[in-house]
Structures are given as structure tokens and as C-alpha cells.
Amino acid sequence: MSALLEVQDIHTYIGQFHILEGVSLAANEGEVTVMLGRNGAGKTTTLRSILGLTPPRSGSIRFAGKEIGGLPTYSVAQLGIGYVPEDRGIFTDLTVEENLKIAERAKGDLDRKADLVFGLFPDLKRLYRLKGGQLSGGQQQMLAMARALVPDNRLLLIDEPTKGLAPVIVEKVMETIHQLKETVTVLLVEQNFFVASDIGDRCYILDVGRTVHTGAMADLERDEALVQRYLGAVA
Amino acid sequence: MQPLSSWLKARWPWLAVLACLTLAPAFLNKFYLGLMVQVFILAVFALSYDLLMGYSGILSFGHAMFFGSGAYVVGLLLKGAAWPLYAVLPVIIATGALMGVLVGIVTLRVRGVYFAMITLAFAEVIYILSASSQLRPWTGGDEGLHGIPVPAWMSPTAERVTFYYISLSFLVLMYFLARRIVNSPTGRVLIAIRENEARAATIGYNVFWYKVLIIVISGVLAALAGGLNALYFRNATPEVLGVGRTIDALLMTIIGGMGTLIGPVLGAVVIRVLGNYLADWFGPRWPLVFGLIFVALVMFFPWGIVGTLRQRPLRGLAQWIKRLSRGAGQKAS
């Protein structure tokens with residue numbers, strides 16, 4: 001297993017606030033890597049730093065062996081990194097079809113990926129002509145993930161996909177991410193430890209802008225004290 | 001290919017309007033034809049503004065610089081350098097495009113209202129330049145250029161009907177061009193950028209160059225409209241570069257409906273035709289009355305005339321009448 005994405009000791013500032021004070025992590029090819037941590041631990045900022053939306057001041061970010069720290073966002077995306085943001089990032093004025101089409105990096109991407117996309121998200125076919133703003137939260141989440149699958153992405157950064165969704169939908173979303181593993185590498189941010197533990201291979205825990213724990217998901221599940229300390233997990 | 005009948009069915013109102021406009025010279029006198037010409041020119045100017053503000057979310061307070069530059073290119077080259085008209089056309093396009101690139105590259109580093117302020121400054125610089133007395137030998141200073149020679153076959157006075165058809169074709173052509181752009185994949189990206197720049201970037205779009213592109217397209221359209229304006233009035237004065245011109249574009253777009261393309265065209269009709277009658281009825285105080293009408297329009301049609309009618313036909317007006325009558329009832333009791 002080689003690391004597709006390697007983040008080393010990045011420090012990111014937002015305005016004058018030092019948000020990330022040394023985050024390191026790696027996402028191995030073909031795995032689901034989970035980033036855990038409390039609210040404000042810096043999980044989303046880490047994803048945004050990888051994408052160049054909040055470029056880190058120091059540290060290194062390597063993707064497929066290439067340094068991508070300092071690249072503009074669109075270049076990072078074009079290298080094959082898809083982003084499914086917490087707010088889903090759907091274009092509300094565009095239809096479902098347009099939302100998917102706009103993600104094409106090469107002409108005909110959507111046609112080539114149709115089987116994959118509609119295999120995972122059959123509902124989208126039914127909603128094809130609706131505007132993004134007319135979809136429910138769960139449907140938007142599906143669309144956001146589908147959109148990230150349209151171009152040939154090698155890595156998906158998925159930020160709290162289950163936030164604000166009904167438990168039934170949460171299960172569905174997690175099931176889908178589990179299936180995604182066959183196609184792409186996933187770096188997943190998830191607050192809900194129990195949801196994440198089902199599908200994660202490796203996990204990182206962030207606390208106040210630092211990586212405080214690294215290990216296999218299976219080991220973390222047994223380490224109740226650690227979970228309690230950093231995640232305050234509810235039993 | 002869809003059958004012709006369904007194509008006609010979907011578009012008959014537009015074809016009817018177009019037919020009326022085509023037949024108009026048979027019924028309208030010279031004065032009204034002239035008014036229509038001005039409406040068509042302003043409509044293209046408003047269209048170009050809608051591409052920026054309505055579709056791409058770029059608020060510019062300096063759009064007059066494109067319009068005015070088109071007018072001055074016509075003035076300087078036809079009058080000053082005695083170029084033939086066909087040679088001036090590519091220069092207008094090039095000027096609009098070049099200014100668009102420059103403005104885009106320099107000012108797009110900042111966003112929103114800061115971008116608007118810098119475009120305003122840009123436009124004011126050009127306005128002041130055009131009126132400067134040191135440049136009087138070329139630009140005519142604050143008086144501007146008058147008596148621009150227009151080829152006899154399209155003379156706005158002697159051949160007004162010809163000029164009318166030229167302006168009408170210009171509007172129709174530019175409208176379809178704008179529609180084509182908006183409905184193209186590039187147009188979708190622009191809408192995406194308007195909604196959220198960061199999202200568009202995370203999909204892999206170079207937001208910056210897309211914005212430069214639309215400023216260039218919009219600038220070329222505005223410059224062409226300005227050029228035709230100079231041909232019609234046979235002059236180019238600093239007024240066409242002034243902030244008042246930009247405000248016209250802003251008003252036409254807001255009144256008609258942002259992001260609808262046809263809205264700003266309608267806005268141009270409202271502003272120019274209404275302005276004409278209001279000036280007749282109220283004399284020099286007409287802007288005051290127009291201001292009141294504008295406030296009313298914004299209250300009843302918060303998304304512009306076309307935008308509001310598309311969203312909820314006349315519900316806004318109905319609600320207001322209900323509220324007013326309820327208010328009256330409470331006072332009575």
C-alpha cells in the first residue's frame with residue numbers, strides 16, 4: 001500500500017488565526033481514511049488546505065508523488081481530487097443534469113461514468129431535470145458525491161456527509177462510500193465515530209489543529225479511553 | 001430536429017413581436033423610429049451588462065467605459081482619420097476586448113463591491129481623459145466630437161428606415177449571441193461561479209479566466225452598442241463615458257430582471273420610452289417622477305419585471321393590494 005496523499009506538518013492560518021498547527025496524515029490508495037475530531041479541531045480546514053482554498057503557510061502536501069502545496073484550487077482539482085463539501089456544494093440554479101455535466105473534465109465523462117454514477121445513485125435519474133435547490137438534503141448529498149465521480153478522480157475528500165441527514169439516509173450514504181472504495185481512494189471527515197468506524201480502514205484524530213493519533217480503525221475501536229479523551233464519544 | 005410546427009408554437013410570441021418590429025416603419029413616423037433605434041442600442045448595452053451582473057455575478061460600476069470607447073473609436077476614426085466604416089468595426093471589437101482583458105486582469109484580484117469601486121475609478125479616468133482640454137485637438141475636449149460623417153446609405157436622418165433595420169438586426173443578432181453564450185457549457189460555468197466561486201474552483205475551473213472571458217464578451221457587446229450610438233447621434237461626447245451611462249445599464253437590468261436577457265431589453269424600452277413621455281409631461285423634473293416609478297417597480301417586482309413574472313405571476317401586486325386594503329380596513333375600524 002502506497003500513500004496516494006501525504007500531508008506533512010502543515011500550518012494554516014485564516015486571517016490572523018493559527019488554525020492548523022501541524023497536521024500530518026496519509027491516505028493509502030484504495031482505502032477509506034477517516035479524520036475524526038471535535039468541532040473546531042481543524043478537519044474541514046485540513047481538507048480546504050489540501051485543495052488550496054486555504055493554502056497552508058508551511059508544510060508539504062504530496063499527491064501521487066507530486067507536491068501540490070501552493071497550487072491554485074482548480075489545478076489541484078484537475079490532478080484528480082474531488083471534493084464533497086459539508087454544505088454539499090450543489091449549484092442550486094442548475095439542474096441535476098447540469099450539476100453533473102459541469103463536473104466533466106473531458107468531453108463525454110458523464111456518458112462514460114453513467115453506469116457507475118447511476119448504479120450508485122439510481123434516484124438521480126428520476127430527479128434529472130430538477131434544479132439543485134429543489135432537492136432534499138439527502139438527495140443533494142447523493143448529487144454531490146455523484147458529481148465528484150463524474151471526472152476521473154483518484155481521491156475524494158468527503159466532509160461530514162451525514163450531517164443533518166435522517167438515520168436511514170445516513171446508512172445509505174455510508175453504504176455508498178463503502179462501495180466507492182472499489183473505484184477511488186477516500187479521505188472522509190466524520191464526527192460520528194460509530195458511523196465512521198464501520199467503513200474506515202485507517203483513522204487520524206485531530207485536536208486543536210494537530211494530529212494527535214494515527215492508527216488502524218479497528219484498533220481505535222478497542223481503545224475506549226482514547227475515544228473518550230478526544231472525541232468524547234457517547235457510548 | 002423538432003418539427004417546424006412545434007418550433008413555431010413555442011416561439012410564436014417572439015415571432016409576433018419581431019414581425020411587429022419589422023413592420024413598424026410602415027406605421028411609425030421618423031421621431032418614433034428614432035426613439036426605437038435608441039431603445040435597440042440601449043437594449044444591447046443592457047444585455048451586455050446582464051451577462052456580467054445577471055449571469056456571472058460581477059458587479060461593475062464602470063460599464064460606460066466600454067460603451068463610450070466604442071463611440072469614441074467611431075468618432076476618432078471616421079471623423080479624425082476618415083477611415084471607411086467597415087475598417088472601424090474590427091477596431092471597435094478589438095478595443096472592447098482589449099479593455100475587457102485589461103480591466104479583468106487588473107481588477108479581478110478583488111471581489112464584489114471592491115471590484116465595483118475599481119471599475120468605477122477606471123471609467124472615471126477614461127471619462128476625465130475624454131473631457132480633458134489637452135486632448136481637445138483629437139477628442140474635442142468636453143464638447144466631444146460632433147458631425148461624425150456617416151455613409152449616406154445609412155444616414156440616421158435621411159435614411160432612418162435603413163438605420164432602424166440595422167439597429168433592429170443588431171439587437172436581434174446580439175440577443176441570440178448572448179443567449180447562445182448563456183446556454184453553452186461556458187454559460188453554465190458562469191452561473192456556477194455566480195453561485196459560488198470556491199465550488200467552481202474545486203471542480204477544476206479556473207474561475208479567474210472565465211471571469212475575464214465574460215468581461216471581454218460583455219465589453220465587446222457594449223462597445224458595439226456605443227459605436228452604433230455614435231453613428232446614430234453623429235457624435236461622441238464625454239457623456240457616453242460618464243457614470244450616468246453605467247447607471248442606465250444598471251437600472252435597465254434591474255427593472256427588466258437580472259439574469260433573464262430579455263428583461264434588460266424590456267428595461268431599455270421602459271427607460272427610454274417612459275423617459276421620453278415623462279419628459280414631455282413633467283418637463284425638467286421628470287427624473288423625480290421616474291424615481292418614484294422606479295421605487296414602485298422594485299417594490300412590486302423585486303426580481304425585475306421578467307424575473308418576477310417568471311417566479312410568481314402578479315402575486316406580488318395582488319399581495320400588495322390585499323395588504324393595502326387590509327390597512328385601510330384597520331384604519332376604518
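Quick note: numbers below take in every heavy atom, side chains included, and nothing from hydrogens, waters or symmetry partners. Numbered from 1 within each chain, the chains take letters A, B, ... in sequence-line order.
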Which of the residues [options] is involved in the greatest number of heavy-atom pairs with chain B at under 4.5 angstrom?
options                                   : value
Ala77(A), Pro85(A), Pro151(A)             : Ala77(A)
Arg105(A), Arg147(A), Lys101(A), Glu98(A) : Glu98(A)
Asp87(A), Leu51(A), Asn153(A), Thr73(A)   : Thr73(A)

Answer yes if the side chains of [X] and [Y] hold a donor-acceptor pair under 3.5 Å, and no otherwise.
X         : Y         : answer
Glu31(A)  : Thr185(A) : no
Asp159(A) : Thr44(A)  : yes
Thr12(A)  : Ser49(A)  : yes

Checking [X] against chain B: side chain, backbone, both or neither under 4.5 Å from a heavy atom?
X        : answer
Leu53(A) : side chain
Ser75(A) : neither
Leu79(A) : neither
Leu94(A) : both

Just one of Leu221(B), Ile215(B), Ile217(B), Thr119(B) clears the side chain to side chain contact (heavy atoms under 4.5 Å, CB included) bar with Leu52(B), so which one?
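That would be Ile215(B).
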
Testing Leu187(A), Leu47(A), Ile68(A), Leu156(A) for side chain to side chain contact (heavy atoms under 4.5 Å, CB included) with Ile81(A), which one passes?
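Among Leu187(A), Leu47(A), Ile68(A), Leu156(A), the one meeting side chain to side chain contact (heavy atoms under 4.5 Å, CB included) with Ile81(A) is Ile68(A).
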
Lys/Arg cation over aromatic Phe91(A): Arg194(B), 6.0 Å, 45° cone:
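The answer is no, since Arg194(B) fails at least one limit relative to Phe91(A).
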
